[in-house]
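Take a look at the structure set out below.
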Amino acid sequence: MAAGVKGLRITAVSLAFRLMCGRFLLTSPVESLGRLFGFPERPNLAPRYNIAPTQSVAVVRSDPELAGHHLALLRWGLVPFWAKSRDIGARMINARAETLAEKPAFRAAFRYRRCLILADGFYEWQKREDGTKQPYVIQRRDLAPFAFAGLWESWEEKEQAATLETCSIVTTGANDVLRPVHHRMPVILEGQEACDQWLRPTSGSADLQQLLRPAAEEAWVARPVSSRVNKVTNDGAGLLDAPEDVAAEVSDEDPDGGEGSPHKAIGRSTDDPDQGSLF
DNA sequence: CCAGACGTTGTT
DNA sequence: GTCTGG
DNA sequence: CCAGACGTTGTT
DNA sequence: GTCTGG
């Protein structure tokens with residue numbers, strides 16, 4: 001794919017590449033997700049191109065009472081059960097793999113409440129020399145859905161007498177390809193066995209820790225996208241278009257640039273504002 | 001003992 | 001709730 | 001993660 | 001600069 005190749009070129013040349021997980025997408029039909037991750041629920045999930053912290057995300061849990069894997073919609077940003085307010089959750093969107101077994105906010109969740117957080121890709125922002133930022137989307141080459149290693153927690157809202165379920169995405173060190181440009185990345189559980197092992201209540205700490213490693217770089221592609229993704233209220237398919245200035249960047253680095261101009265996908269006028277239901 | 005934190009990323 | 005710092 | 005706010009008193 | 005909201 002031309003766009004994918006271009007994305008890789010720019011990525012490799014860039015010096016200040018940053019990668020972690022504060023925004024992602026999930027657009028696959030619930031039937032595909034259910035088949036892939038082994039859950040029976042088939043709720044009406046609207047495609048989401050711009051999932052942000054504090055919003056509802058699709059997770060898979062292993063429920064000892066029901067047996068098997070089950071889909072749930074949880075708020076992104078883990079609120080520890082002892083928190084006085086839900087506000088802390090906005091800053092608990094990631095949990096470091098190296099310390100989650102010890103940190104008071106995460107260790108009980110690591111031991112008892114692990115989950116898969118479903119995605120088709122995630123975004124990251126590259127800081128340019130002029131201080132502006134270029135968003136990238138990172139997806140599998142085959143565009144298949146995948147699972148972040150996640151933790152979840154249950155929090156009792158005192159005033160409302162309600163229970164809020166929240167979650168956090170585990171992060172780890174970057175792989176060899178990404179290490180020169182950035183040092184962190186989200187943990188992705190590749191393959192059914194890794195997913196099952198993460199969810200299995202009887203998995204030991206050592207086995208779990210072994211899953212918390214960087215993804216296999218061959219399977220992944222990064223490519224620049226429109227900065228419209230910056231605004232959380234933009235949530236349409238147009239966010240995956242190439243940015244307007246990619247042509248300029250490419251010709252800066254490769255004046256011959258025989259690849260032709262990577263214009264925006266034609267006929268994609270606006271982001272469809274599929275506001276309405278989250279899922 | 002009580003009080004207060006409990007988290008991540010990035011940047012300098 | 002549980003650990004750390006004072 | 002980025003965008004956007006960042007404050008008070010009093011009045012209805 | 002730093003915090004909150006999405």
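All values derive from a computational prediction rather than experimental measurement.
To the nearest whole angstrom, the two C1' atoms, one in B:dT11 and one in E:dT2, are 14 Å apart. Straight-line distance between the C1' atoms of D:dT9 and B:dA3: roughly 34 Å, to the nearest whole Å. Between B:dT12 and D:dC2, the two P atoms lie 15 Å apart (nearest whole Å). Separating the P atom of B:dC1 from that of D:dG10 is a span of 45 Å, rounded to the nearest Å. To the nearest whole angstrom, the two C1' atoms, one in B:dG4 and one in D:dA5, are 28 Å apart.
A salt bridge links A:Glu157 to A:Arg86: one of the charged nitrogens lies within less than 4.0 Å of a carboxylate oxygen. Ion pairing between A:Glu193 and A:Arg200 holds under the 4.0 Å rule for side-chain N and carboxylate O. The existence of a salt bridge linking A:Glu190 and A:Arg213 is excluded, since no basic side-chain nitrogen approaches an acidic carboxylate oxygen closer than 4.0 Å. Here A:Arg96 does not pair with A:Glu102 in a salt bridge; the nearest charged N to carboxylate O distance is not below 4.0 Å. With respect to A:Arg113 and A:Glu153, a salt bridge is recorded, a charged nitrogen being found less than 4.0 Å from a carboxylate O.
Spacing between atom OH of A:Tyr112 and atom P of C:dG1 amounts to 16 Å, rounded to whole angstrom units. With rounding to whole Å, A:Lys133 atom NZ is found 11 Å from B:dT11 atom C1'. Nucleotide E:dT4 holds its P atom 15 Å from the CD1 atom of A:Ile93, rounded to whole Å.
Counting any heavy atom pair closer than 4.0 Å across all strands shown, A:Pro80 reaches no nucleic acid atom. Among the heavy atoms of the strands, none lies under 4.0 Å from A:Arg75.
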Exercise for the section: For DNA chain B, just give me the dot-bracket, please: Watson-Crick or G-U, both distances below 3.5 Å, ( ) intra-strand, [ ] crossing earlier pairs, | paired with another strand, . unpaired. Expected result: ||||||......

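Taking the six-membered ring where tryptophan is involved, the planes of A:Phe122 and A:Phe146 are perpendicular, since the angle between them exceeds 60° and thus also 30°.
Looking at A:Thr166 and A:Trp76, their side chains never come closer than 4.5 Å, going by heavy atoms from C-beta outward. The shortest side-chain heavy-atom distance between A:Val170 and A:Leu151 falls under the 4.5 Å cut-off. Looking at heavy atoms from C-beta onward, A:Arg23 lies in side-chain contact with A:Trp125 at the 4.5 angstrom threshold.
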Completion exercise
The contact string for nucleotides 1-8 of chain B, one letter per nucleotide 5' to 3', using protein heavy atoms under 4.0 Å with B, S and - for base, sugar-phosphate only and none, comes out as -----BBS

